[in-house]
Protein chains: 2
Amino acid sequence: MGKITIQEVAQAAGVSKATLSRFLNQNYSHMSEKTRQRIAETVKAMDYRPSRRAQSLKTNHSRLIGIMIADISNVYVSLLLKGITSYLKTRDYQTLIMESGNSLEQEQQQLNQMLDQSVEGIILQPNSRKSSDYDFIAAATVPLVLIDRETWPPQWDTIVTNNFHASYLLGQQAQWSLKPYTMGLVVSENIHAVSTREQRLAGFIEGVAPLNVETLELQDIATLGDRVVELVEQKEHPLIFANNGQVLAAILQIVQTLTLKIPIDVGVAGYDDWNWAGLVSPGISTIEQHPDKIGYLASQTLVKLIQSPDQSEVARIHSYPATIKLRSSI
Amino acid sequence: MGKITIQEVAQAAGVSKATLSRFLNQNYSHMSEKTRQRIAETVKAMDYRPSRRAQSLKTNHSRLIGIMIADISNVYVSLLLKGITSYLKTRDYQTLIMESGNSLEQEQQQLNQMLDQSVEGIILQPNSRKSSDYDFIAAATVPLVLIDRETWPPQWDTIVTNNFHASYLLGQQAQWSLKPYTMGLVVSENIHAVSTREQRLAGFIEGVAPLNVETLELQDIATLGDRVVELVEQKEHPLIFANNGQVLAAILQIVQTLTLKIPIDVGVAGYDDWNWAGLVSPGISTIEQHPDKIGYLASQTLVKLIQSPDQSEVARIHSYPATIKLRSSI
DNA sequence: CTGTTAGCGCGTTCAA
DNA sequence: TTGAACGCGCTAACAG
């Protein structure tokens, strides 16, 4: 609510709004040196700043970018945001950040609110796997870049981790274990909801082949604990694989509660968003993503799209390599 | 860029903009049932949504709230944001989130950008300790609520953790150690930069009294490690206290590298933003804050302020209690 | 019950 | 070199 308007400043400087506007937009070409000086002084003195919403109404440039993520308290996401904002800051864009809470309905509703606020582009961690669910964004001629998850068929530029390959490589490590594994146990949240989780599972399965792989959706800690106990009692030697950082934390908690030895009783590995798993005894082998890089790349891509919307004809999937940290847990 | 305007919809429905506007604002009182139906249909058919920036230009309500935090990748902050957005969502506010990077200059610049975007209120984790540094926000008649850190003299509503008291209580626990501590060692980032850190230090000092307390600013891991080694070699038994989660992580890493035993060689405790320290052997005693609650409270306070700006006469400092988790590390 | 009109704060012709 | 006048999309008097 910068109370003071261009009109008042113009009056104070003894010129018209038009002249002042030219000054603000660096149109000095048609202006005497004297008036320019005078305007500069009054603007500074009155500490005047033009209103973006009025500007944008005229120019159609809000300098607002919408960011829609699933869960803002997720560590992966916060690093993602770091990367995004660090780039957009340099380009003088502001970020309208919203959270879908993993609900498609909320997501759609809030995406619409973003459009209402006239964002110039959107970065989205999608809850839906159908590309067409986001057609309405294109209809509003707002560029869209997806992040962390893919939709089908390919229609939007997308930046993801090389989930399949990284999980594959980690799975391969099971071969070098001193005490051979008898099976894999992949623990994940609701696995078919998003492409990312499926790809991690698929990569792992292929990596540990020909080992049998069991999949366990993480409902509550107790059920997971029970299953692990069962397996150990059956003399299995499972390699437990966590599909994300939260799941990894849960697994470690269970293993500790049950006082199982890693990697003697069970092997443990997985995706680590915290970069903390190295501190947990005996050092957990993990896959580290680089969300900051992904965020940076996504915002770069988006800004390019904003500046030349014609390029958006071909959707490119860019997959960013994860880093595998081998420690003593497998 | 919702290309389609109220004008076009009005035309399609065979009414004037004014009538359509009344419909959009639920002013059905003066409207025939027939036209109302007709308008409803066309609006739905054309999937029309009014532009917020045009609306706001007229009504002075952008429904935008500015959130300015120091470091978005910080876990504490991400939970803070969770609390903030979860409340604002219910009140139909959108959040413009920016990051100061712990730089006062950037902070001031970006706060101005927020005002340019006509935010209706601001939640700020301040980099400055001087209340007057934020006078320009009041000058723009935009309500302001501070979070996590205090400024002096009291001038803005503020929500913080009860840092002094929580640290005091934790310090007291040193008395019950089996092997008596000979000193305290507080590790912190740049300690006098923000009120929060000073208060944690002060509380701890009073808590462990009459023990002597040494303060160490965390520059790099190596220096910290060297100092710890020195102390142990001098037969000291220090209680190391981490001023925040990042510092705690660093300390644990060092202790592990040096293969020191907790709590035999050193005691370790501190603020834990991750809620992970319970997993690290032998269980680290920590102070857990409740950033989500703080964020929720702050946004509630702000919305109240927006709705009745007169209340802002008295600045209230609200201090929210932390939870102390005693484990085996001290 | 509905349309006409006048701005909100700014950028941009078109004349002067 | 400058200013008057119009319009961006919308809301809100004021008429009718």
Side-chain angles (χ1 to χ4, degrees), chain A residues 1-40 42-43 46-64 113 115-120 140-141, chain B residues 1-40 42-43 46-64 113 115-120 140-141:
Chain A
M1 331 289 198
K3 305 279 287 188
I4 165 170
T5 80
I6 195 174
Q7 176 68 294
E8 310 177 67
V9 185
Q11 225 158 7
V15 295
S16 73
K17 297 189 308 176
T19 309
L20 197 48
S21 173
R22 288 195 195 99
F23 172 85
L24 294 173
N25 297 310
Q26 339 243 341
N27 267 347
Y28 305 134
S29 47
H30 302 291
M31 200 180 310
S32 78
E33 185 60 22
K34 263 197 304 187
T35 51
R36 177 177 154 185
Q37 289 285 342
R38 188 153 32 92
I39 295 177
T42 28
V43 164
M46 304 182 70
D47 196 26
Y48 167 72
R49 308 190 113 241
S51 153
R52 273 255 193 255
R53 70 184 154 181
Q55 270 181 327
S56 98
L57 190 57
K58 188 67 189 174
T59 63
N60 253 323
H61 289 315
S62 62
R63 304 222 65 82
L64 239 39
Q113 293 190 8
L115 295 178
D116 295 347
Q117 292 280 13
S118 309
V119 294
E120 294 190 46
T141 63
Chain B
M1 334 283 197
K3 304 279 287 187
I4 165 169
T5 81
I6 194 176
Q7 177 68 293
E8 310 176 67
V9 184
Q11 225 159 7
V15 295
S16 74
K17 297 191 306 177
T19 308
L20 197 50
S21 174
R22 287 194 196 99
F23 171 85
L24 294 173
N25 298 310
Q26 337 242 343
N27 268 346
Y28 304 136
S29 48
H30 302 291
M31 199 181 309
S32 79
E33 185 60 22
K34 261 197 306 187
T35 52
R36 177 176 154 185
Q37 289 286 342
R38 188 153 32 92
I39 294 177
T42 29
V43 165
M46 303 181 72
D47 196 26
Y48 166 71
R49 308 190 114 240
S51 154
R52 272 252 194 259
R53 71 185 152 178
Q55 270 180 326
S56 99
L57 189 57
K58 185 71 188 171
T59 64
N60 252 324
H61 289 314
S62 62
R63 302 223 65 82
L64 239 38
Q113 294 189 6
L115 296 177
D116 296 347
Q117 292 280 12
S118 308
V119 294
E120 294 191 47
T141 65

Atom [atom1] of [X] and atom [atom2] of [N]: how far apart are they, to the nearest Å?
X       : N      : atom1 : atom2 : answer
B/Arg53 : C/dG9  : CZ    : C1'   : 14 Å
A/Arg36 : D/dT1  : CZ    : P     : 12 Å
B/Ile39 : C/dG3  : CD1   : C1'   : 12 Å
B/His61 : C/dC8  : NE2   : P     : 16 Å
B/Phe23 : C/dC1  : CZ    : C1'   : 16 Å
B/Ile6  : D/dG7  : CD1   : P     : 18 Å
B/Asn25 : D/dA13 : CG    : P     : 12 Å
B/Gln11 : C/dT2  : CD    : C1'   : 17 Å

ask   = Choosing from C/dC8, C/dT2, C/dT12, which nucleotide comes nearest the side chain of B/Lys58?
value = C/dC8
note = Of the candidates D/dG9, C/dG9, D/dT2, the side chain of A/Thr5 sits closest to C/dG9
request  = Identify whether any heavy atom of B/Tyr48 sits under 4.0 Å from a base atom; if not, whether one sits that close to sugar-phosphate; answer base, sugar-phosphate or nothing.
outcome  = sugar-phosphate
Please confirm whether the shortest side-chain N or O distance from [X] to OP1 or OP2 of [N] is below 4.0 Å.
X       : N      : answer
A/Gln55 : C/dG11 : yes
A/Thr35 : D/dT2  : yes
B/Asn60 : C/dC8  : no

For the [atom1] atom of [X] and the [atom2] atom of [Y], what is their distance to the nearest 0.5 Å?
X       : Y        : atom1 : atom2 : value
B/Arg52 : A/Gln113 : CZ    : CD    : 6.5 Å
A/Ser56 : A/Glu120 : OG    : CD    : 8.5 Å
B/Lys17 : B/Ile6   : NZ    : CD1   : 7.0 Å

Looking at every heavy atom in both [X] and [Y], which two are closest together, and how far apart are they?
X       : Y       : answer
B/Tyr48 : B/Thr5  : CE1-C, 3.8 Å
B/Gly14 : B/Arg38 : O-NH1, 4.1 Å
A/Ala10 : A/Leu20 : N-CD2, 3.4 Å

note = Nearest-nucleotide check on DNA chain C, B/Glu33 vs B/Ala54; residue mapping nearer the 5' end is B/Glu33
ask   = Starting at the 5' end of DNA chain C and moving along, which residue's nearest nucleotide shows up first, B/Ser32 or B/Leu57?
value = B/Ser32
Heavy-atom donor-acceptor pair, B/Thr59 side chain to B/Gln55 backbone, under 3.5 Å = yes
request  = Output the residues of residues 13-22 of chain B in contact with DNA chain D, where contact means a heavy atom of the residue under 4.0 Å from an atom of the strand; sort by number or write none.
outcome  = B/Lys17, B/Ala18, B/Ser21, B/Arg22
